[in-house]
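Structure record follows, encoded as structure tokens.
The sequence lines fix the lettering, A, B, ..., with proteins before strands; numbering per chain opens at 1.
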There are 2 protein chains.
Amino acid sequence: MSDASEREPMSDASEREETVPEGAEGAPADVAELQQRIIELEDRWRRALADLDNLRKRVSRDAERVRAEERARAAAEWLPVLDNLERALEHAESDPPSIIEGLRAIRDQAQDVLARLGFPRRDDAGTAFDPARHEAVATLAQEGVPEGTVLHVVRPAYGDGDRQLRPALVVVAREG
Amino acid sequence: MSDASEREPMSDASEREETVPEGAEGAPADVAELQQRIIELEDRWRRALADLDNLRKRVSRDAERVRAEERARAAAEWLPVLDNLERALEHAESDPPSIIEGLRAIRDQAQDVLARLGFPRRDDAGTAFDPARHEAVATLAQEGVPEGTVLHVVRPAYGDGDRQLRPALVVVAREG
């Protein structure tokens, strides 16, 4: 048992698959032979259960590790944004006009981080209203614009499809 | 096999554990009985292998899902920061003095997000230099300050111990 628990479940399972013994059906067998086969099968079966148990334990350990790793990876992406926020504040008092430029750069940088994580900022102005992607906060009649067109994005969406972090809040054209 | 593949490996393994048949050793056995036992054991063993195979497949599917979920969860935390950056820029032109206040609030908010993700900003000024947590960018003699004291943090660390995203860049006191 302790031996089985050291081994890698994957390779084991396939190795053993190749050595499947013949079933009980077949040529006349003597008792000693059958008993030997039973011992072997019990051993194989117990080892498979041990492998299953080990894999199960590994799965729960791994899920937590994967989660923590991914969280750290995603968080680390934001450190330059934090640094620039601090830097912009340090310079804000001495050179007020520079702060707007700095703030703009930080906003672009933050949007880049989200895009790299798989959630680019979406620009929905001018597209057709889609309840899966948009949430209407108001409607507005506007000449020459077809009903259901997104006129204005109040709060942008990030990501798309399955990977949408939130829908966009939009103002939609209605019939005039 | 198709039946085994539907079942949950965990509960199966323990259920079957309770029904371990006696070994080949023991009271005199007839051939038919032994053959029956072999059929049962083969079935159990094959089911354990099938469970192992299913669990293995599930593991690789799950890791990707866990990763994507965690990435989305971490990314979503930053949306209010992004919103506030955009909002600060919108108001910057009309009310320049307000921008510094806004920027300060955004910095605090961004630090809060990192703390919630498990990586609080660390203030290392005044602590003893520790190569696992600090990276010295300069040394400076300062009267009355013991050698090896962190005098100034050039770039802060976030997180601690295993969960440190990066070490702090620091200026360290040396002997005068």
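- Taking CD of Q164(A) as the reference point, atom CZ of F119(A) lies at 11.0 Å (rounded to 0.5 Å).
- With values rounded to the nearest 0.5 angstrom, L82(B) atom CG is found 9.5 Å from Q109(B) atom CD.
- Contact of Q111(A) with chain B is made through backbone and side chain together, with heavy-atom distances under 4.5 Å.
- Note: R71(B) leads R166(B), E69(B), R71(B) in heavy-atom pairs under 4.5 Å with chain A.
- Note: I39(B) CD1 to R44(B) CZ = 12.5 Å, rounded to the nearest 0.5 Å.
- The candidate with the highest count of non-hydrogen atom pairs below 4.5 Å against chain A, out of L165(B), V113(B), I99(B), L89(B), is L89(B).
- For D62(A), no part sits under 4.5 Å from any heavy atom of chain B, backbone or side chain.
- Taking I106(A), L85(A), L103(A) one by one and counting their heavy-atom pairs under 4.5 Å with chain B, the maximum is reached by L103(A).
- Only the side chain of R73(A) comes within less than 4.5 Å of a heavy atom of chain B; its backbone N, CA, C and O stay farther away.
- To the nearest 0.5 Å, the span separating CG on D51(B) from CZ on R56(A) amounts to 10.0 Å.
- Here L79(A) is the residue among D53(A), L79(A), L117(A) with the most heavy-atom pairs under 4.5 Å with chain B.
- Summarising the local packing, CD of E64(A) is surrounded by more than 12 heavy atoms from other residues, nucleotides or ligands at distances under 6.0 Å.
- A donor-acceptor pair under 3.5 Å is formed between the side chain of R122(A) and the backbone N or O of G159(A).
- Side-chain atoms of R174(A) and Q142(A) form no donor-acceptor pair, as typed in the model, at a separation below 3.5 Å.
- Only the side chain of L114(A) comes within less than 4.5 Å of a heavy atom in chain B; its backbone stays farther off.
- Screening V145(A), T139(A), V170(A) for a side chain to side chain contact (heavy atoms under 4.5 Å, CB included) involving L151(A) leaves a single residue, V145(A).
- No other option in E77(A), R107(A), R87(A) has as many heavy-atom pairs under 4.5 Å with chain B as R107(A).
- Per-residue counts of heavy-atom pairs under 4.5 Å with chain A were compared for I100(B), N84(B), V59(B), V81(B); the largest is that of I100(B).
- In this structure, the portion of R155(B) lying under 4.5 Å from any heavy atom of chain A is its side chain and not its backbone.
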